[in-house]
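This report concerns only the one structure given below.
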Amino acid sequence: MKRPRQPPDPQAWTAFQARVYALVRQVPPGRVITYGAIATALGDPRKAREVGWALYELPDGHNVPAHRVVNREGCLTGAWAFNHPDRQRTLLEAEGIAFLSDGRVDLARHLWTPPDGQ
DNA sequence: AGCATGACGCCTA
DNA sequence: ATAGGCGCCATGC
């Protein structure tokens, strides 16, 4: 059975971004969340890549703690949105995030799960 | 229209 | 645990 798919809709995309930002804003300091977890919490686990896009398009002056978003292995995203390759790691360490010896976030300790109903 | 790319993730070997 | 392949979906050329 073929899976129903929504048609591309700019308004839906904007709404999607808003929901991503709203969810990321709920991540407490010292905790992290993954792209896949965000997509799942928003009701579509397949949109993990779009979560990344949404964060990529964050406007200036946003109050979204995007540095608390990592991939499912706990890897950081690099310099993309943080102006400096170590910026994201610095922010996370300042919040008490523990890193493994290979440079990944210790997800077992810091992964945050959003409450239901989001 | 086709093809490549990407702040991703799952499956398989 | 690691590496490669593939699916996903929005974007850009």
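Throughout, a chain's letter reflects where its sequence line sits, starting with A, and its residues are numbered from 1. Nothing here was measured: the structure is a model prediction, and the numbers come from that model.
At whole-Å resolution of the value, CG in Leu42(A) and P in dC8(B) are 16 Å apart. Rounded to an integer number of Å, the gap from CZ of Arg46(A) to C1' of dC9(C) is 9 Å. One can place CG of Leu100(A) at 11 Å from P of dA1(C), the figure rounded to the nearest angstrom. Residue Asp44(A) contributes atom CG, which lies 7 Å from atom P of dC9(C) at whole-angstrom precision. The interatomic distance linking Glu73(A) (CD) with dG4(C) (P) rounds to 14 Å, in whole Å. Atom CG of Leu55(A) and atom C1' of dT11(C) are 16 Å apart (whole Å). The OH-C1' distance, from Tyr56(A) to dT5(B), rounds to 12 Å in whole Å. Gln17(A) places its CD atom 18 Å from the P atom of dC9(C), with the value rounded to the nearest Å.
At a cut-off of 3.5 angstrom, counting only N and O atoms as typed in the model, there is a donor on one side and an acceptor on the other between the side-chain of Tyr35(A) and the base of dA7(B). Below the 3.5 angstrom threshold, one finds a donor paired with an acceptor across the side chain of Arg49(A) and the base of dC8(B).
At a threshold of 4.5 Å between side-chain heavy atoms, the hydrophobic network of Ile, Leu, Val, Met, Phe, Trp and Tyr places Val51(A) and Trp53(A) in one connected group.
Remark: the backbone N or O of Val64(A) is not paired with any side-chain donor or acceptor of Arg25(A) at under 3.5 angstrom.
Atom CG of Leu76(A) and atom CZ of Phe82(A) lie 8.5 Å apart (nearest 0.5 Å). A distance of 11.0 Å separates CG in Leu107(A) from CZ in Arg31(A), rounded to the nearest 0.5 Å.
For Trp13(A) and dT11(C), the shortest distance from a side-chain N or O to OP1 or OP2 is below 4.0 Å.
Within 6.0 Å of CZ in Arg89(A) there are more than 12 heavy atoms belonging to other residues, nucleotides or ligands.
Taking only side-chain atoms of Glu50(A), from C-beta outward, the nucleotide of dA10(C), dG9(B), dA7(B) with the closest atom is dA10(C). Distances were taken from every side-chain heavy atom of Arg72(A) (C-beta onward) to each of dA7(B), dG9(B), dT11(C); the shortest belongs to dG9(B). Which of dA10(C), dG9(B), dA7(B) sits closest to the side chain of Lys47(A) comes down to dA10(C).
Rounded to whole Å, the C1' atom of dT2(C) lies 22 Å from the corresponding atom of dA7(B).
The nearest heavy atom of DNA chain C to Trp53(A) and to Asp102(A) marks one nucleotide each, and the one closer to the 5' end goes with Asp102(A).
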